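Below is one structure, written out as structure tokens; the observations come after it.
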Amino acid sequence: MSRQFSHQELAALMKKCAGLTVDPAALAGSPEMTFTEFGLDSLGLLAIVGELENHYGTPIEPGAESCKTPNDFIDVINASITAGA
């Protein structure tokens, strides 16, 4: 079984790609909060998608950069990783 992309990893990428420090527990515990509410804009999310494509060596599903919430984004990333495995 493949490992799943997590809130912890998303928080680390938000720091690396957009300079935002976000508690992973806040990402996981606030499923309805949007990336905008966490301070992440579309360019930051696009940078995260690019980083993930490089890391996993597989394309991420089109539209991932348009996800509004962290949970939706994580679902798309995990589906892309599983499909590319």
Side-chain angles (χ1 to χ4, degrees):
M1 183 173 175
S2 65
R3 191 176 65 77
Q4 296 289 294
F5 182 68
S6 68
H7 290 94
Q8 182 78 29
E9 292 167 299
L10 178 56
L13 285 173
M14 288 172 74
K15 175 70 173 174
K16 179 180 179 180
C17 297
L20 296 171
T21 301
V22 178
D23 181 3
L27 289 174
S30 305
E32 298 304 316
M33 280 187 72
T34 65
F35 280 120
T36 302
E37 291 173 292
F38 285 108
L40 186 68
D41 63 13
S42 59
L43 290 177
L45 196 54
L46 188 59
I48 291 170
V49 169
E51 193 72 25
L52 289 168
E53 287 179 332
N54 289 334
H55 177 76
Y56 288 106
T58 189
I60 300 300
E61 194 173 303
E65 69 281 353
S66 299
C67 288
K68 300 297 181 201
T69 67
N71 284 347
D72 288 345
F73 183 75
I74 288 172
D75 289 344
V76 169
I77 298 305
N78 284 326
S80 295
I81 292 168
T82 301

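Values in this document were obtained by computation on a predicted structure and should not be read as measured data. Here, residue 1 is the first one in the sequence, and each next residue gets the next number.
Every residue two or more places apart in sequence or in another chain was checked for a side chain to side chain donor-acceptor pair (under 3.5 Å) with E65, and none qualifies. For S6, the side chain to side chain donor-acceptor pair (under 3.5 Å) partners at least two apart in sequence or on another chain are E9. Not counting sequence neighbours, D75 has no partner by the side chain to side chain donor-acceptor pair (under 3.5 Å) test. Scored by the side chain to side chain donor-acceptor pair (under 3.5 Å) test, N78 finds Q4 as partners (sequence neighbours excluded).
Here the closest non-hydrogen pair linking I77 and A64 is CD1-CB, 4.5 Å. Residues P70 and L27 share a closest heavy-atom pair of CG-CD2, 3.6 Å.
The ring pair (Phe, Tyr, Trp, His ring centres under 6.0 Å) analysis of residues 33-83, with sequence neighbours excluded, yields the pairs F35-F73. Residues in residues 33-44 take part in these side-chain hydrogen bond (donor to acceptor under 3.5 Å, both in side chains) pairs, two or more places apart or across chains: T34-E37.
Hydrophobic clustering, with ILVMFWY side chains joined whenever heavy atoms are under 4.5 angstrom apart, groups L52 together with L45. V76 and M33 sit in two unconnected hydrophobic clusters of ILVMFWY residues. Membership requires side-chain heavy atoms under 4.5 Å apart, directly or through other members.
When atom types are taken as modelled, the side chain of E53 and the backbone of I60 share a donor-acceptor pair closer than 3.5 angstrom. Using a distance-only test at 3.5 Å, with no hydrogens or angles considered, a donor-acceptor pair links the side chain of S80 to the main chain of E61.
Within the 4.5 Å cutoff, side-chain heavy atoms of H7 are placed close to those of I74.
A distance of 11.5 Å separates OG of S66 from CG of D72, quoted to the nearest 0.5 Å.
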Would you list the atom pairs, donor with acceptor, under 3.5 Å between side chains in residues 11-19 and any protein atom, with sequence neighbours excluded?
| residue | atom | partner | partner atom | Å |
| --- | --- | --- | --- | --- |
| K15 | NZ | T21 | OG1 | 3.2 |
| K16 | NZ | E51 | OE2 | 2.7 |

Report task. Would you sort out whether L40 and I48 count as a side-chain contact (heavy atoms from CB on, under 4.5 Å), showing the intermediate values? Result -> CA-CA 10 Å; L40 186 68; I48 291 170; 4.0 Å; yes
